[in-house]
Amino acid sequence: MKFKDLTKYFEKLEQTSSRLSLIEILSELLKKTPGEEIDKISYLIQGRLAPFFVPLEIGMAEKTVAKAIAQAYGVTSDEVTRQFNSLGDMGLAAQKFAVKSKGTDITVNEIHKTLTQIAKTNGEGTVKKRQKLLSGLLSKMDPISAKHLIRIPLGNTRLGIGDPTVLDALATAKLGDKTKRKLLEGAYNKTSDLGLIAKTLWEKGLSGVEKLDVRVGSPIRSELCERLPSPEKVIEKMVEVDCQPKMDGFRIQIHKNKEEIRMFSRNLEEMTHMFPELIDASKKQIKAETAILDTEALAYNPDSEEFLPFQETTKRRRKHGIAEMAKTLPLKAFVFDILYKNGKSLIDEPLSKRMEILKETIGEDGVLIRTKNQIVKDSKTLTLLLEDAISKGLEGVVVKKLESKYEAGARNFNWVKLKRNSSGELNDTIDCVILGYITGRGKRIAFGAGALLVGLYDKKSDEFVTVSKIGTGLTDEEWREVHKRADRIRVEKRPARVNSLITPSVWIKPEIVIEVLADEITRSPIHTAGKSDSDPGYALRFPRLVSFRGFDKKAEDSTTVEELVEMYRLQGKK
DNA sequence: TGTGTCTGCCC
DNA sequence: ATTCTGC
DNA sequence: GCAGAATGGGCAGACACA
């Protein structure tokens, strides 16, 4: 298939919002796709070259793509960046510079091949080589094709199409309608490879797809949690649940095939080599020939017997210096589910059964620890469990429907997380001052602002210091309003009383106060709140706006740095 | 050889 | 990660 | 309620460059 024919469909998809129409258009495209290309097209639609578990990253994003565009059309990268900032989309910027381009009949296969070549480039001169390869492709693009090509390395195709919609369209194209999606989805969840599902369906039909099964050593898509605001709502909706504490670490899927151990992240990246102690423990502690476990791994301090914050655990996600880090930051993995044992998939067994099997499979606690679980039917007990978890410095609890299967890849109300801040009351919110805004991308470009730079008042130095950016919690209308309000007090330069390492698109006078909710306060290399020459600053984890304070609230009435530091000291000790 | 920029991926 | 919105 | 698209902090690694 010619790439420009593919982008004709992309163009239609982009202009469509009805889900049924999206599926219709996409299935028309897929019908015309030969088996030889169907896998590649399935990946490209997602802005990828291969399934998640294959480490093939294009390695070009905003900055290098801008340079490639500049090179292709003989303009400076400043000009490209300027277009990007005003259009909110690098693809649109490329389209603009490509106005006079004719384009060739380059095929989808060739595009995929060159992008793969870009991904595989490494060593000295990588950046330049990649730019040259991408600008070479651009020279073969008409304006519309240039737009869609550019969006692929950015992983943002803006088509309104995700995995579930591709599955609907595959089913519609080959099996008549989307009712058979469930069958494709099942196979996808077990293999995590959309291209494989498509190719198998094309070449071997539905019966071929149905033969795809869970395999030890191949990652299964993780089941995810929905959220509910309170224990009462949980019991109301779920009646009886299994309740487990929620640890703050990495999700690790451990595969054991006799002496061979492999591990995958929540997003199916291979992490085996990072955690030697988990490899050893898996060999010793898993009482089965073959098994797949769902776990949460986090760093543990054997001296204090305490679990370390996420910021410490995340240092273990590395390629070099693994053995040394395994010594200084040893991990424990809390096992909370079992998906496979001794040649048999367990994902269709109810949770209660899986918990029994898990008990027999992981005995004594060691580096692997079976997560404590308890059946709960009343909101009072659940409240106590949640409070207990919080008082131990944990994130909260996860509750699960007892009879639910392991619905790989799903985020639904089979699994629900309850966190401290979800309950509504008793939240420690922070009053922040808006210091500037950042123009948005995509749909936010129309609102004038896509994120806010916010800070606190520092009494000691009588200045405003940054503590976070805020990109969520506002409705579309509120984004428009806050942009208007901000523009009335915009200033050309950073105000003298503002101390910031971050430069927003537009600085404003520090006057507007907002109430911000966050899950945690962290030490920060980039924010200036509480920062000194020798110590890092403080920042907010998962920040979101909850309200605009009234006009009576002055900037100097915002939360002070001193108060923030005190909150940092007290957190987790509740 | 040290530092800064950019990217991808954890949450 | 959290949140909002169209369907 | 699902699916998708906006957006957050912060870590390590790969390169570029002085």
Side-chain angles (χ1 to χ4, degrees), chain A residues 16-22 52 55 57-67 88 121-130 153-168 224-227 248-252 265-269 271 274 296-298 309-322 325 395 410-413 417 419 421-422 438 440-445 447 449-454 467-479 516-527 536-546:
Chain A
T16 305
S17 63
S18 149
R19 304 214 48 74
L20 295 173
S21 308
L22 285 167
F52 285 97
E57 278 74 50
I58 295 177
M60 295 181 82
E62 206 177 292
K63 309 288 176 183
T64 34
V65 166
K67 284 187 190 169
T121 303
N122 60 39
E124 206 179 313
T126 294
V127 175
K128 286 213 171 83
K129 280 183 209 157
R130 285 177 171 164
L154 301 175
N156 194 348
T157 56
R158 294 190 207 275
L159 300 178
I161 305 274
D163 299 359
T165 309
V166 175
L167 290 166
D168 273 337
L224 305 172
C225 288
E226 265 296 347
R227 286 160 297 182
D248 188 12
F250 291 138
R251 182 90 174 257
I252 305 284
S265 74
R266 192 192 99 165
N267 294 317
L268 316 177
E269 299 281 332
M271 299 181 100
M274 300 178 189
E296 184 84 4
L298 62 164
F310 181 77
Q311 261 177 310
E312 291 299 310
T313 298
T314 199
K315 291 179 182 164
R316 292 297 311 274
R317 207 170 64 83
R318 57 169 50 242
K319 217 170 135 180
H320 309 299
I322 285 167
M325 283 309 260
E395 270 199 298
R411 185 194 295 278
N412 58 32
F413 288 92
K417 67 177 145 190
K419 291 169 79 163
N421 283 328
S422 43
I438 297 108
R441 314 223 196 293
K443 66 183 254 187
R444 294 259 174 104
I445 196 76
F447 305 157
L452 307 170
L453 177 63
V454 304
V467 72
S468 183
K469 289 194 282 181
I470 305 285
T472 192
L474 292 83
T475 62
D476 292 358
E477 198 44 42
E478 284 174 319
W479 280 112
V516 173
L517 178 62
D519 276 17
E520 197 180 356
I521 298 163
T522 59
R523 297 314 299 262
S524 168
I526 57 161
H527 286 288
Y538 295 82
L540 307 180
R541 188 178 186 207
F542 310 143
R544 58 266 197 195
L545 180 144
V546 291

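In what follows, every heavy atom counts, from backbone to side chain, and hydrogens, waters and symmetry copies are set aside. In the text below, chain A, chain B and the rest are named by the order of the sequence lines, each starting its count at 1.
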Whole Å only: how far is the NZ atom of A:K67 from the P atom of D:dC15? 15 Å

Between A:N412 and A:R130, who's closer to the 5' end of DNA chain D by nearest nucleotide? A:N412

Ignoring hydrogens and angles, answer whether the base of C:dT2 and the side-chain atoms of A:T472 contain a donor-acceptor pair closer than 3.5 Å. yes

Is any side-chain nitrogen or oxygen of A:K419 closer than 4.0 Å to OP1 or OP2 of C:dT2? yes

Provide, to the nearest angstrom, the distance between the CD atom belonging to A:E395 and the P atom belonging to B:dC10. 16 Å

Have a look at A:R19 and say if it touches a base, only the backbone sugar-phosphate, or nothing, with a 4.0 Å heavy-atom cut-off. sugar-phosphate

Taking only side-chain nitrogens and oxygens of A:S17, does any of them come within less than 4.0 Å of OP1 or OP2 of C:dC7? yes

Nearest to the side chain of A:S468, which nucleotide is it out of D:dG8, D:dG10, C:dT3? D:dG8

Show your reasoning for whether side chain to side chain contact (heavy atoms under 4.5 Å, CB included) applies to A:T64 and A:R130. CA-CA 8 Å; A:T64 34; A:R130 285 177 171 164; over 6 Å; no

Atom-pair distance (CD on A:Q311; C1' on C:dA1), nearest Å: 14 Å

Taking 4.0 Å as the cut-off, does a side-chain nitrogen or oxygen of A:R227 come that near to OP1 or OP2 on C:dT2? yes

Does a side-chain N or O of A:T64 approach OP1 or OP2 of B:dC6 to a distance below 4.0 Å, or not? no

When you measure from the side-chain N and O atoms of A:T313 to the phosphate of B:dC10, is any distance below 4.0 Å, counting only OP1 and OP2? no

Categorize A:I526 for me: base, sugar-phosphate, or nothing, with a 4.0 angstrom heavy-atom threshold over every strand shown. sugar-phosphate

D:dA5 P sits how many Å from A:R444 CZ, rounded? 14 Å

Considering all heavy atoms, the nearest A:L453-A:I438 contact: N-CD1, 4.3 Å

Choosing from D:dG1, D:dA3, C:dT2, which nucleotide comes nearest the side chain of A:K417? C:dT2

Would you say A:R411 places a side-chain N or O within less than 4.0 Å of OP1 or OP2 belonging to D:dA3? no

Closest heavy-atom pair and its distance - A:R523, A:P525: O-CD, 4.2 Å

Would one find a side-chain N or O of A:H527 under 4.0 angstrom from OP1 or OP2 of D:dG9? yes

The side chain of A:P525 is closest to which nucleotide in this list: D:dG10, D:dC15, B:dT7? D:dG10

Is it the case that the base of B:dC9 and the side chain of A:R317 share a donor-acceptor contact (distance under 3.5 Å, atom types as modelled)? yes

From the options D:dG4, B:dC11, B:dT7, select the nucleotide whose nearest atom is closest to the side chain of A:E62. B:dT7

Among the nucleotides D:dG10, D:dA6, D:dC2, whichever has the atom closest to the side chain of A:N156 is D:dA6

Output the rounded distance in Å from CZ (A:R318) to P (D:dA14). 11 Å

Worked check of side chain to side chain contact (heavy atoms under 4.5 Å, CB included) between A:K443 and A:D476: CA-CA 9 Å; A:K443 66 183 254 187; A:D476 292 358; 3.5 Å; yes

Which nucleotide, B:dT7, C:dC4, D:dG13, lies nearest any side-chain atom of A:K63? B:dT7

Where A:P543 and A:T472 come nearest, the two heavy atoms and their spacing: O-CG2, 3.7 Å

D:dG13 P sits how many Å from A:E57 CD, rounded? 15 Å

Which is true for A:L474 with a 4.0 Å heavy-atom rule: it touches a base, it touches only sugar-phosphate, or it touches nothing? sugar-phosphate

C1'-based separation of B:dG8 from C:dA1 [nearest Å]: 16 Å

Criterion side chain to side chain contact (heavy atoms under 4.5 Å, CB included) on A:T314 and A:F250, from CA distance to verdict: CA-CA 8 Å; A:T314 199; A:F250 291 138; 3.8 Å; yes

When we call it a touch if two heavy atoms are under 4.0 Å apart, what does A:L159 touch: a base, just sugar-phosphate, or nothing? sugar-phosphate

Search all heavy atoms of A:L22 against all heavy atoms of A:T16 and return the closest pair with its distance. CD2-O, 3.7 Å

Under 4.0 angstrom, heavy atoms only, what part of the nucleic acid is A:G249 near: base, sugar-phosphate, or nothing? sugar-phosphate

Between C:dT5 and A:K443, is there an OP1 or OP2 to side-chain N/O distance shorter than 4.0 Å? no

Report yes if at least one side-chain N or O of A:S524 is closer than 4.0 Å to OP1 or OP2 of D:dG10; otherwise report no. yes

Of A:G537 and A:R441, the one whose nearest nucleotide on DNA chain D sits closer to the 5' end is A:R441

Let's go through A:E520 and A:D248 carefully: what are the C-alpha distance in whole Å and the side-chain angles of both, what is the deciding distance for side chain to side chain contact (heavy atoms under 4.5 Å, CB included) to 0.1 Å, and is it a yes or a no? CA-CA 12 Å; A:E520 197 180 356; A:D248 188 12; 4.2 Å; yes

Taken to the nearest whole Å, CZ/A:F542 to C1'/C:dT3 is 13 Å

Check whether any side-chain N or O of A:K315 sits under 4.0 Å from OP1 or OP2 of D:dC11, and answer yes or no. no

Atom pair distance, as rounded to whole Å: CD in A:E520 and P in C:dT2: 12 Å

Side-chain N,O (A:R316) to OP1/OP2 (D:dC11) below 4.0 Å: no

